[in-house]
Amino acid sequence: MASFNKVILMGNLTRDPEMRVTPTGMSICKFTVAVNRKFKMQSGEEREEVAFIDVDAFGKQAEVISKFFTKGKPILVEGRLKQDKWEDKNTKEKRSKLGVSLEGFSFVSGGRDGGPGGEDGAPGGNYDDAAPPARPARGASAPAAQRPPPPADQIDEDVPF
């Protein structure tokens, strides 16, 4: 049986992230992202719905999020759905809730305070579990995809393809 579990969300933090460190030294950051959807009804009336998604981040990512993000800041989250299950202590009912376990995130410009990406010393860019791409050594040329195209007067159009 094939399965695929990947979530990509972009929204604003509903409150400041909550950071804690386990006795073994693992950083855990919990926060909630509000994701808005605007749509028109058949009648032409515009509507908006909001989903509040709980996200758990771990390790270095948790530390970066708790340091640079606050209530209202936009964030792009990549992760996987996880289901928490428990039994209510009072009613003894079985309960469950879906959330996101963070695998990567990106700073997003905008939001109430203009967003991170440079302000307050916040770095810009993506943060995930993968290592960053290697940069060319000093003096070496950049890969073709990163080089700007040559000026139009220097393009040789007689090259056969």
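Atom set for the values below is all heavy atoms of this structure, side chains included, hydrogens, waters and symmetry mates excluded.
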Quiz item: Which residues pass the salt bridge (charged side-chain N to carboxylate O under 4.0 Å, His left out) test with Glu18, sequence neighbours left out?
Solution: Arg15

Quiz item: Quick one: salt bridge (charged side-chain N to carboxylate O under 4.0 Å, His left out) partners of Asp84, sequence neighbours excluded?
Solution: Lys82

Quiz item: Considering residues at least two apart in sequence or located in another chain, which fulfil the side-chain hydrogen bond (donor to acceptor under 3.5 Å, both in side chains) criterion with Lys85?
Solution: none

Quiz item: Taking the side chain from Asp16 and the backbone from Lys71, do they hold a donor-acceptor pair closer than 3.5 Å?
Solution: yes

Excluding sequence neighbours, so at least two apart, what forms side chain to side chain contact (heavy atoms under 4.5 Å, CB included) with [X]?
X: Met10; result: Leu76, Val108
X: Leu81; result: Asn5, Val7, Val100
X: Ser27; result: Met19, Val21, Ala62, Glu63

Self-check item: Shared-cluster residues of Phe52, by chain and number - hydrophobic side chains joined below 4.5 Å
Solution: Val50

Exercise. Share the residues that join Ile28 in a hydrophobic cluster, the rule being Ile, Leu, Val, Met, Phe, Trp or Tyr side chains under 4.5 Å apart at the heavy-atom level.
Key: Met26, Phe58

Using 0.5 Å steps for rounding, measure from the [atom1] atom of [X] to the [atom2] atom of [Y].
X: Phe69; Y: Asn12; atom1: CZ; atom2: CG; value: 10.5 Å
X: Leu102; Y: Gln61; atom1: CG; atom2: CD; value: 5.0 Å
X: Thr32; Y: Leu13; atom1: OG1; atom2: CG; value: 8.0 Å
X: Ile65; Y: Ile75; atom1: CD1; atom2: CD1; value: 4.5 Å

Would a 4.5 Å heavy-atom cut-off, applied to side chains only, mark [X] and [Y] as touching?
X: Phe68; Y: Phe107; result: yes
X: Val55; Y: Phe105; result: no
X: Lys73; Y: Thr70; result: yes

Quiz item: Which pairs, with at least one residue in residues 87-99 and sequence neighbours excluded, count as a salt bridge (Lys or Arg N to Asp or Glu O under 4.0 Å)?
Solution: Asp54-Lys97

Name each donor-acceptor pair under 3.5 Å that joins a side chain in residues 33-43 to protein atoms two or more places apart or in another chain, with its distance.
from: Arg37; atom 1: NH1; to: Glu49; atom 2: OE2; distance (Å): 3.2

Quiz prompt | Shortest non-hydrogen separation from Phe31 to Ala57 and the atoms involved | solution = CE2-CB, 4.4 Å

Self-check item: Flag if over 12 foreign heavy atoms under 6.0 Å of CD, Gln83
Solution: yes

